[in-house]
*Asks:* 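There's a structure below that I have some questions on.
We use all heavy atoms of the structure for the numbers below, so side chains are in, but hydrogens, waters and symmetry mates are not.
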Amino acid sequence: MPRARDPNRDKAYEIWRENKGEKPLKDIANELDVSEGTLRGWKTKDKWVSKLNGTLQSNEGNAPNDDLAGKSVTSSGQSVKKRGNPNPTPKFPKRNTESVKHGFFSKYLPQESLDIMEEMQERSPADLIWDQIQIQYAAIIRAQKIMFVADKDDMAKEQTQYAFGESGADKYDVQFAWDRHATFLNAQSRAMSELRGLIKQFNELASEDDMRRLKLEQMKLGIEKTKAEIETLNDDGQQEENIEIRIVRKGERT
């Protein structure tokens, strides 16, 4: 049995339409006691912007013709100008603010990009940076699995060229465990440095009572822990390298 349509879904559009699409979605969400994310979903799925554009265009099409304003029509069909102000103040129909915002881009961008731009109108700079923080943090966590190095014998070998002809030979790209692990540590350090910069920007923009600050504190603790582990691994690796060098030099002397 299909799920019943939420009555607030149509109410939300009516409130938005009555305000010419200028009322923030968060205010409508508070008025109807629904989440802002749900409201954004309704706006996209029900194509509020297209419906509003069609309504405004229809109203403009039904506006009286300025050429006939101030004139009367005789029985013979000829128009005769009425007495009065010969230069009346022209009346222009209300323009659609959405077409003014995105009219230039609509010539060159696909509809999906325009929809994303429309959704961004409802998001503050702090919201945009928060999105980047989540994407960056998810990439760091995902990299743990992709760039994982099991031990010093975990070597990666990929064939890059196949033999062709009698004189040809196969070629391989070989990455030893220490090379792979060093690449991972450097990439991880750069990614966490970028994440710390985003967190700093968010704290500067977000209000003091923003609940996302608590999540950032937990995230920062995780970052500092990972950073300390990386520094420990770097120190241990440097010590092992120094030990190997001393062993080699000792062997050379003997």
Side-chain angles (χ1 to χ4, degrees), residues 37 40 105 108-110 112-117 119-164 168-208 210-249 251:
R40 285 198 296 269
F105 295 105
Y108 308 102
L109 298 181
E112 290 81 1
S113 299
L114 295 175
D115 291 341
I116 294 174
M117 291 175 62
E119 293 294 330
M120 290 174 60
Q121 299 298 321
E122 306 295 335
R123 301 185 66 78
S124 67
D127 293 333
L128 298 179
I129 294 179
W130 176 253
D131 292 341
Q132 291 298 315
I133 288 174
Q134 294 184 93
I135 293 172
Q136 183 76 356
Y137 190 66
I140 291 174
I141 299 301
R142 185 168 179 264
Q144 309 301 315
K145 181 178 181 181
I146 296 176
M147 303 185 71
F148 175 73
V149 181
D151 51 42
K152 65 179 182 179
D153 298 322
D154 189 0
M155 181 182 66
K157 182 179 180 181
E158 296 290 339
Q159 187 169 2
T160 59
Q161 179 176 314
Y162 294 90
F164 181 76
D170 294 337
K171 290 185 178 181
Y172 296 88
D173 182 14
V174 179
Q175 290 183 328
F176 294 98
W178 48 85
D179 291 330
R180 295 176 57 202
H181 197 58
T183 300
F184 169 64
L185 292 177
N186 291 332
Q188 187 85 322
S189 297
R190 290 194 300 270
M192 287 194 296
S193 177
E194 178 68 21
L195 181 58
R196 286 194 296 271
L198 290 170
I199 292 175
K200 181 179 179 181
Q201 294 180 48
F202 178 83
N203 286 329
E204 292 174 351
L205 292 173
S207 61
E208 292 296 332
D210 195 318
M211 295 299 295
R212 291 174 292 188
R213 286 178 176 270
L214 297 177
K215 295 181 180 180
L216 286 180
E217 289 299 324
Q218 298 176 351
M219 196 179 297
K220 286 172 64 177
L221 292 175
I223 292 172
E224 295 301 327
K225 180 181 177 181
T226 305
K227 181 182 177 182
E229 292 174 351
I230 290 176
E231 291 176 350
T232 301
L233 289 172
N234 282 333
D235 293 340
D236 293 343
Q238 185 64 38
Q239 292 174 4
E240 291 178 0
E241 183 179 352
N242 293 336
I243 292 172
E244 291 178 357
I245 292 175
R246 288 197 296 270
I247 293 175
V248 171
R249 288 179 178 174

*Asks:* Under 3.5 Å, side chain of Ser189 to main-chain N/O of Leu185, donor-acceptor pair present?
*Replies:*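 Side chain of Ser189 to backbone of Leu185, a donor-acceptor pair under 3.5 Å: yes, one is there.
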*Asks:* Give me the atom names and distance for the closest heavy-atom approach of Met155 to Gln175.
*Replies:*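 Residues Met155 and Gln175, closest heavy atoms: CG-O, 3.3 Å.
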*Asks:* I'd like to check the side chain to side chain contact (heavy atoms under 4.5 Å, CB included) partners of Ala191; sequence neighbours left out, ordered by chain and number.
*Replies:*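 Applying side chain to side chain contact (heavy atoms under 4.5 Å, CB included) to Ala191 gives Gln136, Ile140.
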*Asks:* Just to verify, what does Tyr172 make a ring pair (Phe, Tyr, Trp, His ring centres under 6.0 Å) with, not counting sequence neighbours?
*Replies:*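 None.
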*Asks:* Excluding sequence neighbours, so at least two apart, what forms side-chain hydrogen bond (donor to acceptor under 3.5 Å, both in side chains) with Asn203?
*Replies:*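 Arg213.
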*Asks:* If the condition is salt bridge (charged side-chain N to carboxylate O under 4.0 Å, His left out), which residues does Asp127 pass it with, not counting sequence neighbours?
*Replies:*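 Partners of Asp127 by the salt bridge (charged side-chain N to carboxylate O under 4.0 Å, His left out) criterion, ordered by chain and then number, come out as Arg212.
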*Asks:* Which residues pass the side chain to side chain contact (heavy atoms under 4.5 Å, CB included) test with Lys152, not counting sequence neighbours?
*Replies:*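 Side chain to side chain contact (heavy atoms under 4.5 Å, CB included) list for Lys152, sorted by chain: empty.
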*Asks:* Using the test side chain to side chain contact (heavy atoms under 4.5 Å, CB included), find all partners of Asp151 that sit at least two apart in sequence or belong to another chain.
*Replies:*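 Partners of Asp151 by the side chain to side chain contact (heavy atoms under 4.5 Å, CB included) criterion, ordered by chain and then number, come out as Asp153, Asp154.
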*Asks:* Indicate yes or no for a side-chain donor-acceptor contact from Thr183 to the backbone of Asp179 under 3.5 Å, with no hydrogens or angles considered.
*Replies:*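 It does hold such a pair.
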*Asks:* With Asp115, which residues qualify under salt bridge (charged side-chain N to carboxylate O under 4.0 Å, His left out), at least two apart?
*Replies:*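 Listed in chain order: nothing, the list is empty.
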*Asks:* List the residues meeting side-chain hydrogen bond (donor to acceptor under 3.5 Å, both in side chains) with Ser207, not counting sequence neighbours, and say none if there are none.
*Replies:*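 Scan of Ser207 (side-chain hydrogen bond (donor to acceptor under 3.5 Å, both in side chains), adjacent residues dropped) gives Asp209.
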*Asks:* Can you tell me how far the CD atom of Glu217 sits from the CD1 atom of Ile199, to the nearest 0.5 Å?
*Replies:*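 One gets 9.0 Å once the value is rounded to the nearest 0.5 Å.
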*Asks:* Could you tell me the separation between the CZ atom of Arg196 and the CE atom of Met192, rounded to the nearest 0.5 Å?
*Replies:*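 Reported to 0.5 Å precision, the distance equals 6.5 Å.
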*Asks:* Return each pair, listed once, that meets salt bridge (charged side-chain N to carboxylate O under 4.0 Å, His left out) where at least one residue sits in residues 132-143; pairs must be two or more places apart or across chains.
*Replies:*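 Found none.
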*Asks:* So, taking the atom named CG in Leu195 and the one named CD1 in Ile133, what distance separates them when rounded to the nearest 0.5 Å?
*Replies:*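 CD1 of Ile133 is found 6.5 Å from CG of Leu195.
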*Asks:* Can you confirm whether Gln218 sits close enough to Leu214 that some side-chain heavy atom of one is under 4.5 Å from a side-chain heavy atom of the other?
*Replies:*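 Not touching, per the 4.5 Å side-chain cut-off.
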*Asks:* What residues, two or more places apart in sequence or in another chain, satisfy ring pair (Phe, Tyr, Trp, His ring centres under 6.0 Å) together with Phe148?
*Replies:*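 Ring pair (Phe, Tyr, Trp, His ring centres under 6.0 Å) check on Phe148 returns nothing, list empty.
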*Asks:* Would you mind listing every ring-ring contact (aromatic ring centres under 6.0 Å, His included) that reaches into residues 120-143, with sequence neighbours excluded?
*Replies:*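 Those involving residues 120-143 are Trp130-Phe202.
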*Asks:* Is there a side-chain contact (heavy atoms from CB on, under 4.5 Å) between Gln132 and Gln201 once you walk through the steps?
*Replies:* CA-CA 11 Å; Gln132 291 298 315; Gln201 294 180 48; over 6 Å; no
*Asks:* Atom NZ of Lys200 and atom CG of Leu205: how far apart are they, to the nearest 0.5 Å?
*Replies:*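 Atom-to-atom, Lys200:NZ and Leu205:CG are 12.0 Å apart.
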*Asks:* Return the CG to OG1 distance between Asp170 and Thr160, rounded to the nearest 0.5 Å.
*Replies:*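 That separation rounds to 9.0 Å.
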*Asks:* For Ala182, check side chain to side chain contact (heavy atoms under 4.5 Å, CB included) against everything at least two apart and list the hits.
*Replies:*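 Scan of Ala182 (side chain to side chain contact (heavy atoms under 4.5 Å, CB included), adjacent residues dropped) gives none.
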*Asks:* Going by the angle between their ring planes, with limits at 30° and 60°, are Trp178 and Phe176 parallel, tilted or perpendicular?
*Replies:*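 Taking Phe176 first and then Trp178, their aromatic rings lie parallel (interplane angle under 30°).
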*Asks:* Measuring from atom CD1 of Ile141 to atom CD1 of Ile146, what distance do you get when rounded to the nearest 0.5 angstrom?
*Replies:*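 So the CD1 of Ile141 and the CD1 of Ile146 are separated by 12.0 Å.
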*Asks:* Would you indicate whether Glu204, at its atom CD, is surrounded by more than 12 heavy atoms from other residues, nucleotides or ligands within a distance under 6.0 Å?
*Replies:*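 Count over threshold, so yes.
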